[in-house]
Structures are given as C-alpha cells and as structure tokens.
Amino acid sequence: MDVSHILDGLNDAQREAVAAPMQNLLVLAGAGSGKTRVLVHRIAWLMETENLSPSSIMAVTFTNKAAKEMRGRIEQLLDIPARSLWFGTFHGIAHRFLRAHSRDAKLPENFQILDSDDQLRIVKRIMREFNVDETRWPPKQVQSFINSKKDEGIRAAYLPPTHSQYDHTLAEIYKQYEAQCQQSGMVDFGELLLRSHELWLNNPALLAHYQDRFRYLLVDEFQDTNTIQYAWLRVLAGDRIPIMVVGDDDQSIYGWRGAKIENIQQFQFDFASPLVVKLEQNYRSTSTILKAANTLIANNGDRLGKDLWTNGNEGEPIDLYAAFNEQDEANYIADRISSWVDQGRQRSDSAILYRSNAQSRVLEEFLIRQAIPYRIYGGLRFYDRQEIRNAVAYLRLVFYRHDDAAFERVVNVPTRGVGNKTVSDLRVHAREQSISLWQACVERLQLGLIKGKAKQSLTQFIDLIDSLSAEQDQISLAQLTEQAITRSGLKDFHANEKGEKGQARLENLNELLTAARDFSVDNDDDDEELTPLAAFIAQAALDAGEQQADEHQDCVQMMTLHSAKGLEFPLVLMAGMEEGLFPHQMSMEDPSRLSEERRLCYVGVTRAMEKLIITYAESRRLYGQEKFNPVSRFVREIPADLMQEVRIKNSVSMPVSFAASQSSSFGEESAEFHLGQVVNHAKFGEGTVLNYEGQGSHARIQVNFFDHGSKWLVLSYAKLEAV
DNA sequence: CCCCTACTGATCCAC
DNA sequence: TCAGTAGGGG
C-alpha cells in the first residue's frame with residue numbers, strides 16, 4: 001500500500017514523529033507547530049503501516065471538542081468512518097469502562113454521573129446533617145477539597161492522620177460523601193477516573209484483556225494531566241502498550257485545577273526509553289511575535305526548552321498602548337478594531353484577550369458604542385444552565401427513578417407546593433430504610449403520611465415520571481424531552497417568567513430539543529448497547545455542549561487568555577497588562593504560580609498571527625476602587641525593539657480633569673511635563689505622569705513608576721527629567 | 001411561597 | 001462596584 005500521502009507536506013520533525021516505530025514517544029509541540037496534524041497523521045500511519053485496526057487505538061483528549069475535531073480530521077484523511085476508534089476525553093473513556101464493568105467496579109448498572117452542582121448540594125446536605133459550621137467550612141471549599149483529593153488519587157480512608165480539628169472535619173465530610181455516593185450509585189467526575197484506575201488495579205485479568213486489545217495510546221495536551229490521569233495512563237499502558245504523548249510544557253496553564261506540569265518531565269523516566277521529538281517550526285506567527293514569545297518565556301526556569309522559529313516574514317512591530325484608565329483602553333481597542341475593519345479585514349479575524357472575565361464589561365460597552373459586533377466565548381456551559389439541568393433531571397428520573405440527586409433537584413421545580421419539611425421527611429425515611437427518595441416517597445404516600453397539597457403534588461409528580469417512562473420506548477428522544485418539559489410545567493414556568501431571562505431560558509429549552517433531535521448514538525462495535533436516553537443523559541453530564549448559535553455573524557472574538565488556548569487570530573489585542581491584574585495579585589508571590597502566569601502570557605502572545613497589540617491602563621477601577629498599577633512585568637520582558645509605543649491620547653473617554661489639563665502643560669517655570677509623559681526619577685526610575693495638582697512651589701505630581709507603582713511627589717523636590 | 005433587602009466576596013474552568 | 005444569595009417579613 002502506498003503510504004507516502006500520509007507523510008506528504010510534513011516537515012522533518014513532524015515526519016519523524018509520525019513515522020516513528022511503535023514505541024513510547026514524547027512530542028514537544030510548540031504553539032502553532034502542527035500538533036493536531038501530527039497526532040492525526042500518526043494514527044493514519046499506524047493503521048496503514050502497522051496494520052492496526054481502529055478499535056485497537058485509543059486517543060485521549062481533555063475536551064469533547066478536541067476529540068470531535070480529531071475524529072473529523074482522521075475521517076477526512078483516511079476517507080473512512082472512524083467510529084470504532086476509541087476517541088474521547090479521559091472522563092468519557094473512563095465512563096465507558098465503568099459501564100462495561102460496573103459490577104467489577106462495585107457500581108450499580110445504572111450509576112449516574114454527578115455534575116459539580118449536584119455535588120455541591122450533596123456536600124451541603126451532609127454538612128447540615130452533621131451540623132458543620134458553614135462559615136468555618138464553606139461548602140464550596142469542602143467540595144474543592146474533595147475534588148482535589150480525588151484528583152490526587154487519595155480516598156478519605158487514606159488521608160494522613162491529623163490532629164487539627166479543621167482537617168479532621170474535612171476528612172469526615174469526605175468520608176460521608178463517599179459513603180452516600182456509593183450508597184446511591186452516584187459518581188462524580190474525579191470518581192470516574194479514580195474508580196476505573198482501581199478497577200484495573202483490582203482486576204489484573206481485566207487489565208490484561210485491555211492491554212491485549214489496545215496496541216497504541218495517544219494523549220493530547222499532556223501537560224494538562226493531573227496525578228490521577230497520569231497514574232491511569234501508566235497502569236493502562238503498563239509495559240505493554242506503547243504510548244505517544246503530545247504536549248507543551250510552556251503552555252501548561254491549568255495548575256490551579258490539578259494539572260501537574262511535572263508529568264511531562266516525569267514521562268521520560270516512567271515510560272521506557274521514549275523517543276523525544278520537538279516541533280519548533282511555527283506556521284502561525286510573524287518572526288516578531290515569535291521572538292517576543294521566546295524571550296518572554298525564557299524567563300521561566302525549569303523548562304524542557306524549545307525555541308520557535310519561522311520561515312515567514314518579520315511582520316509589523318507589536319503595538320503598546322498606555323491608556324489613562326480602563327475606559328480609554330476600551331475605546332482605543334474599539335478604535336483599532338474599527339480601523340482593522342476599514343482596511344477590509346474581518347472582525348472575526350480579531351480577538352480581545354484578557355485575564356479575568358470582569359474586564360469584559362467595559363470592553364463591551366465601548367464596542368457597543370462604536371457599533372462593533374462581538375461575541376464572548378466561555379461563560380456558562382450549555383448543560384450547566386439551570387433550566388437545562390432541570391430538564392435533564394426529569395430525563396434522569398425517567399431513565400432511573402432512584403437518582404436521588406435528580407429527584408431532589410426537581411421535586412419542587414417548578415414549585416408545586418412540596419416544601420422543605422416534606423422533603424426532609426422523605427430524606428429521613430429514605431435514610432432509615434436505606435432506600436431511594438423515590439421509594440421513600442411512594443411508601444410514605446401509601447402509608448398516608450403525606451397530607452394536603454404535598455400529597456396531591458407528589459402523586460402527580462410520581463405519575464408523571466411513571467407515565468413518561470412507560471412511553472419512552474414508543475416515542476423518540478426528542479418527543480420524550482418535549483413531553484418532559486411541557487408536562488412537568490417547566491416550559492410554562494419559564495414562559496411566565498418576567499423579563500428577558502425567561503425568554504432566554506425558553507430558547508435554551510428549545511435548544512435542548514434541537515440537541516435531542518440531532519442526537520445520535522454513535523455506538524461503537526462491541527460497546528454494550530446504551531439506550532438513546534441513557535446516552536443523551538451521559539452526554540449532558542460529560543459534554544459542555546455547543547456554543548451559542550450566532551457564530552455566523554462577523555464578530556470580534558472576546559475571551560479570557562485561558563479559553564484562547566488552541567486558537568489563533570490574525571489580530572490579537574491583549575488588554576489589561578498590569579501588575580496585579582496580569583500577573584494576577586493572587587499569583588504574584590509564589591514563583592511557581594508566577595511562572596504559570598508567564599506561560600499564560602506566552603499562550604496569549606502566540607495566538608497572534610500577524611499583529612499583536614498590548615494595552616494597559618495606568619489607572620483602573622477594580623472592585624469599586626481606583627488602582628494605579630505599573631505595567632505588567634511581562635510587557636517589560638519583551639524586547640523593546642520589537643515594540644512601538646503608541647502615545648496618541650484620544651480625549652473621548654478621558655476624565656474631565658485629565659482632558660482639561662491636557663492642553664496646558666505644567667511644571668515649575670517652563671512647560672516641561674504633560675500627562676502621559678515618561679519621566680525619570682533618581683530613585684524610583686522611570687514612570688508615566690498620571691496627574692498633578694496645585695501650583696508653584698506647592699505643585700504636586702503623580703507619577704506611575706514602572707517599578708514602584710504610583711506616587712505623589714512634590715514637583716520642586718522631585719528633580720524629574722523628561723525621557 | 002415569594003419578594004425584597006442586606007450582605008458577601010471577588011482569577012482562570014473541562015469533565 | 002456589582003452580582004449572586006441567604007434570610008426575614010408579608
């Protein structure tokens with residue numbers, strides 16, 4: 001068979017990785033170096049030269065989107081359906097294993113996946129049950145304690161002994177939480193991984209079966225793996241399945257959710273004699289942008305080391321704009337996008353990147369003012385919206401009525417007169433009898449322990465679920481969903497909600513119907529047969545859902561730096577480049593967290609293909625307070641000769657005091673200084689003039705020093721020099 | 001049960 | 001500053 005087409009158009013490094021023998025392989029793939037391409041071609045290569053069947057290849061990603069994209073590209077390249085490839089997220093694949101071996105994993109056949117909202121409810125309930133002080137142990141913190149322990153692979157029983165009452169309480173809640181989840185057959189995200197990890201460890205025969213079955217493993221974004229994911233891969237691969245991991249230590253930005261950058265360094269020691277290939281040729285950015293990125297990231301120690309290069313041209317210098325405040329910054333950004341469009345470019349080819357979501361408000365305001373359409377990425381996942389979760393909870397009950405989390409969620413949504421008292425009675429009853437809330441409810445109704453409105457409502461509720469589940473086999477998934485949201489009253493509930501909110505929620509429910517209609521179970525060959533309903537419910541838990549529909553309009557893209565990872569744009573504007581904001585206040589002290597901030601900046605810079613614009617505000621209103629933060633150290637780490645400072649102050653958004661004083665310069669005798677000017681101070685170094693007040697010998701001047709922040713100085717003593 | 005008010009707290013977020 | 005929420009009063 002002719003396989004040359006698989007190697008065509010690849011550079012030497014890419015080709016080395018794609019055509020490597022069946023062995024462990026670490027591919028260090030710089031930004032824009034064709035990483036996905038290598039993964040996809042590698043799979044094609046193995047299938048065609050090593051005769052690997054699709055079902056003997058497993059490829060693991062972090063997001064469903066990435067998995068979907070890879071699958072699509074494989075199909076395109078090989079021109080065959082790639083159904084039987086095991087492509088998916090860590091969680092999705094773990095879920096699949098657990099489903100297939102639920103008994104060995106000590107789970108009920110119908111075990112349910114808890115999303116983080118369900119999880120928080122359970123934690124709260126346990127804490128109330130045990131009278132834990134919610135101010136000392138905030139439920140959210142308890143939840144993240146549990147999650148981080150699971151991510152580290154530590155069960156409650158294996159927590160180190162402690163004398164601290166605080167830690168002890170955490171451990172107790174964790175223990176209770178584990179017990180209750182087990183009792184009601186519920187599994188959270190971390191548990192999916194932990195449980196399937198244990199499944200293999202406890203069942204060597206089963207593990208051996210899969211080690212025979214899979215001939216090659218591939219992992220994308222390896223720098224984002226956490227402890228349990230790494231352990232999971234190690235156990236699965238053992239010394240029998242060769243594995244290829246692709247990642248970039250310089251783009252590791254998820255340490256705060258458990259990712260261990262060390263994993264990529266550790267790989268070479270834990271997996272036998274891997275071949276290491278570096279992809280350093282960049283096909284995305286101008287050499288100016290790459291040089292900036294390389295110099296910036298060189299400030300981090302302990303890298304595996306990589307230098308991006310390109311055959312492309314130098315391109316334009318990076319623009320740096322020092323705005324007076326965040327309004328001026330937003331206005332400038334809107335201006336730049338306007339002129340980009342005036343040059344005949346697409347708005348959708350431009351992106352505004354920022355460190356924190358709170359920054360988007362002002363930016364939006366000024367984009368609206370200039371009538372520039374925009375689209376904000378990120379925010380709430382589709383399946384995380386209240387109304388969607390409620391609808392899915394009904395489906396969950398139809399599928400499996402003993403799903404306590406779903407039961408609790410919607411017994412009284414929309415409100416039907418089932419109060420707190422009734423529900424807590426149900427809980428006690430269920431607990432005492434070790435039965436589900438559903439059973440408890442049925443029993444109490446039969447025993448006549450529920451009276452009045454509650455009785456009527458609960459009877460109707462039970463009947464509704466019963467009749468829906470009786471119908472489920474005769475009608476389509478979409479019809480079932482439709483029935484569930486109308487007959488439960490959810491639809492009317494939101495229709496009657498006042499304001500735009502209800503409207504938006506109705507639209508989302510309709511969107512869910514569309515999703516149900518389009519949903520097809522792409523069941524793979526030997527997978528146990530999941531009903532469409534079960535598969536749909538699993539998807540709702542494990543998939544973020546598609547972003548909003550209005551993708552077609554030509555919009556400026558706005559997102560956080562984190563969500564920009566993996567994307568590219570001809571024009572990139574990085575806003576809010578100030579100390580305290582970026583690097584963020586909470587990450588400035590700890591060197592390892594600061595390094596992560598720098599990597600985040602590196603990610604931002606390397607998103608730009610043609611033009612990069614960096615802005616910062618000398619004064620910024622944050623949490624109701626005026627902050628004067630110096631320009632970000634990251635900006636100063638970019639070689640000055642790659643940047644040009646833009647110093648046209650447009651007065652549109654300037655506060656009155658600035659605008660009024662801007663025309664008249666001020667100073668001792670001669671008109672030496674003006675707002676925005678860079679000055680030098682013997683002790684504090686360079687800074688920009690922010691403001692001034694008073695006259696003659698009393699005149700004071702406010703300067704925002706690059707290294708010392710903003711200070712008020714008496715002009716006659718300060719001995720400032722213009723720079 | 002619902003609405004209003006007072007209070008809190010605040011990077012980044014996939015599964 | 002402001003959004004989201006807990007708790008009280010109607």
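Numbers restart at 1 for each chain; the letters A, B, ... are given by sequence-line order, proteins then strands. Heavy-atom basis, side chains included; hydrogens, waters and symmetry copies ignored. Everything numeric in this text was worked out from a predicted model, so none of it was measured.
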(message) Applying salt bridge (Lys or Arg N to Asp or Glu O under 4.0 Å), can you list everything that pairs with A:K421, at least two apart in sequence or on another chain?
(response) A:D425
(message) Taking salt bridge (Lys or Arg N to Asp or Glu O under 4.0 Å) as the definition, give me every residue that meets it alongside A:R303, ordered by chain and number, with sequence neighbours left out.
(response) A:D250
Using the [atom1] atom as the point on both nucleotides, what is the distance between [M] and [N], in whole Å?
N      : M      : atom1 : result
C:dG4  : B:dC13 : P     : 16 Å
B:dC12 : C:dT5  : P     : 16 Å
C:dA3  : B:dA14 : C1'   : 24 Å

(message) Among residues at least two apart in sequence or on other chains, which ones pass side-chain hydrogen bond (donor to acceptor under 3.5 Å, both in side chains) with A:R136?
(response) A:Q165
(request) Heavy atoms under 4.0 Å is the rule here; annotate nucleotides 4-10 of chain C 5' to 3' with B where the base is hit, S where only the sugar-phosphate is, and - elsewhere. (result) -------
(message) Does the protein touch nucleotides 9-15 of chain B at the base, only the backbone, or not at all? Give it as B, S and - per nucleotide, heavy atoms under 4.0 Å.
(response) -BBBBBB
I'd like to know if [X] and [Y] make a salt bridge, using a cut-off of under 4.0 Å between side-chain N and carboxylate O.
X      : Y      : answer
A:E326 : A:R620 : no
A:R409 : A:D117 : yes
A:R396 : A:D118 : yes

(message) A:R128: which residues meet the side-chain contact (heavy atoms from CB on, under 4.5 Å) condition with it, sequence neighbours left out?
(response) A:K124, A:E134
(message) Does the plane of the ring in A:Y254 sit parallel, tilted or perpendicular to the ring in A:H562? Use 30° and 60° as the thresholds.
(response) tilted
(request) Determine the contact category for A:V418: base if any of its heavy atoms lies under 4.0 Å from a base atom, sugar-phosphate if only primed atoms, P, OP1 or OP2 are that close, otherwise nothing. (result) sugar-phosphate
